[in-house]
Structures are given as structure tokens and as C-alpha cells.
Peer 1: 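Before I ask anything, here is the structure I am working with.
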Amino acid sequence: MTGPEAGRGRRGGPVEVRRSIPRGAEARVAELYWEAFGRKLGPALDPPDTARAFIAHHLHHDRGIAALLDGEVVGVAGYQLGGRALTGGGARDVLATYGTLRGLPRLVLLSVLSRTPAARELVMDGIAVSPVCRGHGIGSLLLKEIVALAADHDCRRIRLDVIDVNPRARALYERHGFTAARTERTPYLRHLMGFSAVTTMYRPVAAADHEEAR
Ligand SMILES: CC(C)(COP(=O)(O)OP(=O)(O)OC[C@H]1O[C@@H](n2cnc3c(N)ncnc32)[C@H](O)[C@@H]1OP(=O)(O)O)[C@@H](O)C(=O)NCCC(=O)NCCS
């Protein structure tokens with residue numbers, strides 16, 4: 001689906017969902033990501049200006065679904081498939097940006113947050129909607145597109161992780177067919193990243209999803 005969608009943003013216009021991040025929207029996507037995940041990613045990528053620039057510079061456009069309202073990106077869902085994620089930048093880039101001494105502990109933190117998809121699994125890394133546009137169905141449109149995309153790529157399931165301090169996001173995922181599989185307690189991350197447990201959720205990609213994606 002690339003055309004105008006049924007959802008409406010706060011400004012009342014139709015929301016367009018695209019299967020890639022538009023060129024020129026890198027800084028905007030980095031801003032949305034940072035607004036949503038800065039608390040979690042801060043210890044690894046702070047200060048915020050450096051973090052946003054790092055995310056924007058290393059973005060993989062083909063691993064993000066974008067929601068646009070009046071031509072502006074108001075929502076994004078990043079995913080991992082075929083060894084690529086929306087947020088790029090390897091160890092060398094982290095060390096080049098932050099320096100070797102400061103970069104090494106950051107790499108450790110980033111490795112704690114990283115996830116590797118299993119075979120025929122799409123991992124959704126992060127979904128973020130502009131604060132002023134939330135609660136209008138844009139997150140749901142992005143999730144539906146993630147499901148359609150997973151079906152198109154013949155994935156058998158979608159995986160995501162949700163932290164314990166985000167029950168509303170978890171409720172949204174449950175409404176979209178995700179179920180919790182396990183919870184990992186991470187009390188050592190509470191002061192550093194603001195959460196103390198991570199729940200892994202899965203959604204099977206069913207035959208009906210394949211048909212809908214066609
Ligand atoms: C989670 C998020 C992407 C949902 O996008 P959305 O466009 O508001 O989603 P929808 O309008 O389709 O659905 C709204 C539902 O999203 C959930 N939600 C989670 N956080 C929310 C927030 N801050 N504001 C509004 N809804 C939120 C709720 O379940 C809400 O339903 P409710 O009104 O019954 O509580 C969005 O709220 C967001 O960007 N939050 C911050 C980042 C985040 O938490 N990402 C998920 C990480 S696992």
C-alpha cells in the first residue's frame with residue numbers, strides 16, 4: 001500500500017503510508033525516534049544533538065515505514081529484515097563519532113538493545129508517532145503496514161519488544177494480534193534507561209495476511 005490511507009491525522013487530512021523513508025526526511029525521522037526513545041537510547045547516544053545527527057546520517061531508508069500528513073513525516077516504524085535495520089551505523093561509526101574511550105561503553109549498551117531476527121522473522125525495532133498526532137490511528141496504520149510487508153516477504157512471524165513502562169503501547173500491540181511470549185527482567189537498566197523489564201511479543205503472519213497484502 002503506498003497511496004492515501006483511511007486514517008486521519010490531527011489536522012484532519014488523509015494520512016499517506018509509504019514503505020520507505022522519503023529522501024530529505026532523515027532529520028525529521030531522527031527527531032521522532034529521539035523524542036520517543038531518547039530516554040532509552042540516551043546513555044548510548046547522548047548528547048541529543050549528536051544522537052539525532054548520528055541516527056539521521058546512518059538511516060537505512062528501505063527499512064522504515066513512514067506516515068505522512070500534508071507531506072510531513074508524522075510517524076515511523078523501523079524494522080529489521082535481511083540483516084538491515086532502520087537505524088544503521090556500525091561499531092566503527094560509533095567509535096568515530098564518540099571517540100574510542102567514550103565509544104566502547106556505548107557499544108556495550110547498544111549491544112544490550114540489539115535484536116537479531118530468527119529465520120523468516122521480521123523484527124519491528126521501533127514505532128513512533130509525533131506527540132501531537134497520537135491517538136488518531138496512525139500507529140495502527142503503521143502496524144498494519146508492517147504486517148502486510150512481513151507477509152510480502154514471506155515471513156512467518158513478527159517480533160517486537162516492549163518495555164514495562166509502556167502499557168499503552170503493549171495494549172495497542174495486543175489489539176493488533178501480538179501476544180507476549182516472555183519477559184526479561186532488567187533491574188540494572190532502571191536508572192540508566194528508565195525500564196526494568198522487557199517483554200517480547202510475537203504476531204504470526206497468517207494466510208489471510210498474505211492474501212490481504214496482494
Ligand atoms: C505507541 C504509538 C506509536 C501509538 O501511535 P498512535 O498513533 O497514538 O496509535 P493509535 O492512534 O493507532 O492507537 C492509540 C493507542 O496507542 C496506544 N498509545 C501508547 N502510547 C500512547 C500515547 N502516548 N498517546 C496515545 N496513545 C498511545 C494506546 O493503546 C492508545 O489507545 P488508548 O487511547 O486506548 O490508550 C505512539 O503513542 C507513540 O509514538 N508513543 C511513543 C513511542 C512508543 O512508546 N513507541 C512504542 C515502543 S514499544
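One-based numbering, in listed order, for ligands and for the atoms of each.
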Peer 1: Does this structure show an ion pair linking Glu145 with Arg19, if we count only N-O contacts that are shorter than 4.0 Å?
Peer 2: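 Yes, this pair counts.
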
Peer 1: With a 4.0 Å heavy-atom cut-off, what residues sit around ligand 1?
Peer 2: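 Residues Ala36, Phe37, Ile127, Ala128, Val129, Arg134, Gly135, His136, Gly137, Ile138, Gly139, Ser140, Asp161, Val162, Asn166, Arg168, Ala169, Leu172, Tyr173, Arg175 each place a heavy atom under 4.0 Å from ligand 1, listed by chain and number.
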
Peer 1: Less than 4.5 Å apart, any side-chain heavy atom of Tyr173 and any of Thr179?
Peer 2: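 Not touching, per the 4.5 Å side-chain cut-off.
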
Peer 1: Please list, chain by chain and in numerical order, all residues satisfying ring pair (Phe, Tyr, Trp, His ring centres under 6.0 Å) with Tyr202, sequence neighbours excluded.
Peer 2: none

Peer 1: Would you mind checking if Arg159 and Asp161 are paired as a salt bridge, meaning a charged N to carboxylate O distance below 4.0 Å?
Peer 2: yes

Peer 1: Can you list the residues that meet the ring pair (Phe, Tyr, Trp, His ring centres under 6.0 Å) rule with Tyr33, with sequence neighbours excluded?
Peer 2: Phe37

Peer 1: Check side-chain contact (heavy atoms from CB on, under 4.5 Å) between Asn166 and all other residues, then give those that pass, not counting sequence neighbours.
Peer 2: Val162, Ile163, Ala169

